[in-house]
A.B. asks: 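Following this message is one structure expressed as C-alpha cells.
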There are 2 protein chains.
Amino acid sequence: MNKTRKEIPVNTLERMVKYRRILDNYAADGKTIIYSHEMAKLAGNTPSQMRRDLMSCGCAGSTRAGYNVQEMQTNIKSVLGYSETKQTILVGVGNLGKAILSYFSFRVPRVQVVAAFDVMPHRIDRVISGTRCHDIKEMETIIKEQSVTLGIITVPREEAQALADRLVAAGIVGILNFAPVTLDLPDHVYVENMDITMKIEKIAFYSGEK
Amino acid sequence: MNKTRKEIPVNTLERMVKYRRILDNYAADGKTIIYSHEMAKLAGNTPSQMRRDLMSCGCAGSTRAGYNVQEMQTNIKSVLGYSETKQTILVGVGNLGKAILSYFSFRVPRVQVVAAFDVMPHRIDRVISGTRCHDIKEMETIIKEQSVTLGIITVPREEAQALADRLVAAGIVGILNFAPVTLDLPDHVYVENMDITMKIEKIAFYSGEK
DNA sequence: CGTGTTCTGTGAAAAGTTTCACAAAATGGC
DNA sequence: GCCATTTTGTGAAACTTTTCACAGAACACG
Ligand SMILES: NC(=O)c1ccc[n+]([C@@H]2O[C@H](COP(=O)([O-])OP(=O)(O)OC[C@H]3O[C@@H](n4cnc5c(N)ncnc54)[C@H](O)[C@@H]3O)[C@@H](O)[C@H]2O)c1
Ligand SMILES: NC(=O)c1ccc[n+]([C@@H]2O[C@H](COP(=O)([O-])OP(=O)(O)OC[C@H]3O[C@@H](n4cnc5c(N)ncnc54)[C@H](O)[C@@H]3O)[C@@H](O)[C@H]2O)c1
C-alpha cells in the first residue's frame, strides 16, 4: 500500500507489536528516553537488532542520548496502522472463543471485536465480556452492516473450512484460525494460524538441550 | 543431542508438526502413498519445500510412486521425539487455562499435562477435562514427584515472571508462555511465547493488500 | 522394448534475516 | 576546550530459508 509498508521485514513487523507493548509500559513509569540495550533487555533480543528494527520504522535516536520514547510510540503505531481500527468478528463461542473474547475486549486497541457467532441456541444472545453472541444465520448481514474485514475462527476442526469459505464470500479478507487445519482460500485472503500444538511440541523438542 | 536434531532447520521442524497431523488424517482415509504436490496442497506450501523438508527427516520417496505414508509417519514421529512423552503442568486455570486443558487432554500425544495449579480456592481440587487443579503451594512437590519438565503459563501478566522463576527453580526447562511479557530466564530454559495480539495485528496489517 | 510422462532428489541461486564491527556523534568530567 | 566514554547508524559479512531448474529414476502404454 504505502511505501514504508513494503520495506519492513516480516520478522521486524512481528517484533514491532511487542515493542509497542514494551514502550506503553515503559512510558507509564514516566520514562521519556531509552537506550537500545535497555530496550533489547526488555524485548529479549540484541541491541543491534533493536537498532535495525527501529530504523525500519523510521525511529532515529541520538548518540549518547538514546531514543525518545514518545516519538517511537508514535512511529510504531503509525507503521502498524493505528489510525485505522479494523472491525472483527469471532465465530465459535466455546471454551477458547470465550477466553479470547475476554482478552480482546480490553487488550487490542487497533482491532475491535464487534460481534461473535455460534450455532448452539444456548450460546446465542448472551453477552461475553461485552461482545454479544449472535445466531450464525445473522453473520453475513452483520459483516456487511458493520463493515467487518477480519475474522477469528474458533469452531471445531471439521467446521473450519466451510466457515472460512462463508467468511470470505461475505467479504472478510483476514483470518486468524485456531482450528488445526490448513485452510484453502483465495490468495487475496490473508490467513494466520495459531498453532498451540506446534509450539508445545517445539518446546518438547528443544528444551533440555542447552 | 543426537546428530539428526542439529541438522533440521527450525522452520522445517515447525512444519513437521503440521505434517504429522496431515498424515494422520490422510492415513485414516486408507491412503498409503502421497506425492509431494498433494501433500503441499494439504499443508499450504510448495512441492519443492515439501521435498526439502522430507529430506531433512530422512524420508525418501520414489520417483513416480511418491512417498510412503506410513514410513513418513514413523520418521516424523521419531524426529519429533515421540518415543518419549514429556510431563507438563499448566498454571493459571482461568478462561484461557481451562480452554487449553480441554484441548490438550485429547490432542497432543507426546505432551502429557499431569496437573494444573491456581491460587483461587474456588478453582482448587476441581477436575477440568481430566486434569486436576491443585493449590499452587503443592507445585514444587508435584513437579519433583512426577518428573515434570515443561510448564504452560496462563496467569495474569503481572504474575508471569515470578511464576516462571519459580518453575525454573523447581526444575522446569521448557515454558509455553501466554502472558504478554518477555520472560527473563536463564539460558538453559527454552521459552516460546504465544502472542495472539501479535498475530491479529499482523493480519490487520497485511490483509487487504493483495 | 523403447518412448513419453511424471515424479523425486539436490546442487546452486536467490531472498531474507541477523550479527559484526566500527566510524561518527554527543556528552560529561576535568 | 579537550579527552575519555558511551551510544547510534550502517555497510558488509555471515547465516538461514526458500525457490529454481534440471538430471535421473520409474512406470505406463503401445
Ligand atoms: N481449546 C484450546 O485451547 C484450543 C487450542 C488450540 C486450538 N483449538 C481449536 O479451537 C477450536 C475451538 O476449540 P474449543 O475448545 O473452544 O471447542 P468448543 O467445542 O468448546 O467450542 C466450539 C464452539 O463452536 C461452535 N460451533 C460449532 N460449529 C459451528 C459453526 N458452524 N458455526 C458457528 N459456531 C460453531 C460450537 O457450538 C461451540 O460453541 C477447535 O478447532 C480446536 O481444535 C482449541
Ligand atoms: N484469554 C485469552 O484469550 C488470552 C490470550 C492471550 C493471552 N492471554 C493471557 O493469558 C493469561 C490468562 O488469561 P485469562 O483470560 O485466562 O485470565 P484469567 O484471569 O481468566 O485467569 C488467570 C488465572 O490465573 C490465576 N492466578 C493468578 N495468579 C496466580 C498465581 N500466582 N499462581 C497461580 N495461579 C494464578 C487466577 O486465579 C486465574 O484463575 C493472561 O496473562 C492473559 O494476558 C489470554
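Letters A, B, ... are given to chains in the order of the sequence lines, protein chains preceding strands, and every chain is numbered from 1. FYI, side chains are in, hydrogens and waters are out, and symmetry mates aren't considered; it's all heavy atoms of this structure.
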A.B. asks: Any pair with a residue in residues 31-77 of chain A that passes ring pair (Phe, Tyr, Trp, His ring centres under 6.0 Å), sequence neighbours left out, goes on the list, sorted by first then second residue, please.
C.D. replies: A:Tyr35-A:His37
A.B. asks: Taking protein heavy atoms under 4.0 Å as touching, what does nucleotides 12-17 of chain D look like 5' to 3' if B marks base contact, S marks sugar-phosphate-only contact and - marks none?
C.D. replies: B----S
A.B. asks: Without decimals, in angstroms, what is the distance between B:Glu7 CD and C:dT10 C1'?
C.D. replies: 16 Å
A.B. asks: Please identify which of these residues, A:Thr149, A:Ile172, A:Val173, A:Val191, meets the side-chain contact (heavy atoms from CB on, under 4.5 Å) condition with B:Ser207.
C.D. replies: A:Val173
A.B. asks: Round to a whole Å and report the spacing from CE of B:Met50 to P of C:dG9.
C.D. replies: 11 Å
A.B. asks: Rounded off to whole Å, could you give me the CG-to-P distance for the A:Leu54 and C:dT18 pair?
C.D. replies: 14 Å
A.B. asks: What residues form a side chain to side chain donor-acceptor pair (under 3.5 Å) with A:Asn68, not counting sequence neighbours?
C.D. replies: none
A.B. asks: Using atom CG of B:Asn68 as one end and atom P of C:dT8 as the other, report the distance to the nearest whole Å.
C.D. replies: 13 Å
A.B. asks: Of the listed nucleotides (C:dT19, C:dT8, D:dT8), which one gets closest to any side-chain atom of A:Ser48?
C.D. replies: C:dT19
A.B. asks: Figure out the CG/P separation between A:Asn45 and C:dC20, and round it to whole Å.
C.D. replies: 13 Å
A.B. asks: Hey, what bend do you get for the helix from C:dC1-D:dG30 to C:dC30-D:dG1 if you fit axes on five pairs at each end, rounded to 10°?
C.D. replies: 10°
A.B. asks: Go through the structure and list residues passing side chain to side chain donor-acceptor pair (under 3.5 Å) with A:Lys199, not counting sequence neighbours.
C.D. replies: B:Glu192
A.B. asks: Give each protein N/O atom lying under 3.5 Å from an N/O atom of nucleotides 25-30 of chain D, with the pair distance.
C.D. replies:
residue	atom	partner	partner atom	Å
D:dC27	O2	B:Arg64	NH1	3.1

A.B. asks: Given atom CZ of B:Arg51 and atom C1' of D:dG24, what is their separation to the nearest angstrom?
C.D. replies: 13 Å
A.B. asks: Could you say whether A:Met55 or B:Asp53 is positioned toward the 5' end of DNA chain D, judged by the nucleotide with the nearest heavy atom to each?
C.D. replies: A:Met55
A.B. asks: Is the NZ atom of A:Lys77 crowded by more than 12 outside heavy atoms at less than 6.0 Å?
C.D. replies: yes
A.B. asks: Which donor-acceptor pairs under 3.5 Å do side chains of residues 90-98 of chain A form with protein atoms, sequence neighbours excluded?
C.D. replies:
none

A.B. asks: Identify, with sequence neighbours excluded, every residue that meets side chain to side chain donor-acceptor pair (under 3.5 Å) alongside B:Glu14.
C.D. replies: A:Lys202
A.B. asks: Do any pairs count as a salt bridge (Lys or Arg N to Asp or Glu O under 4.0 Å) and have a residue in residues 144-155 of chain B, sequence neighbours left out, and if so which ones?
C.D. replies: none
A.B. asks: Which pairs pass side chain to side chain donor-acceptor pair (under 3.5 Å) with one or both residues in residues 163-181 of chain A, sequence neighbours excluded?
C.D. replies: A:Glu140-A:Arg166, A:Gln161-A:Asp165, A:Asn177-A:Asn193
A.B. asks: May I ask you to evaluate whether A:Tyr35 reaches the phosphate of C:dA26, defined as a side-chain N or O under 4.0 Å from OP1 or OP2?
C.D. replies: no
A.B. asks: Indicate, with a heavy-atom threshold strictly under 4.0 Å, whether B:Ser36 touches base, sugar-phosphate, or nothing.
C.D. replies: sugar-phosphate
A.B. asks: Enumerate the residue pairs fulfilling salt bridge (Lys or Arg N to Asp or Glu O under 4.0 Å) with a member in residues 42-61 of chain B, sequence neighbours excluded, ordered by first and then second residue.
C.D. replies: B:Arg15-B:Asp53
A.B. asks: For B:Glu71 and C:dT8, give me the distance from atom CD to atom C1', rounded to whole Å.
C.D. replies: 13 Å
A.B. asks: Rounded to the nearest 0.5 Å, how far apart are CG of A:Leu42 and OH of A:Tyr19?
C.D. replies: 11.0 Å
A.B. asks: Go through the structure and list residues passing side chain to side chain donor-acceptor pair (under 3.5 Å) with A:Arg21, not counting sequence neighbours.
C.D. replies: B:Asp195
A.B. asks: For the pair made of OH in B:Tyr67 and C1' in C:dG9, what is the distance, rounded to whole Å?
C.D. replies: 7 Å
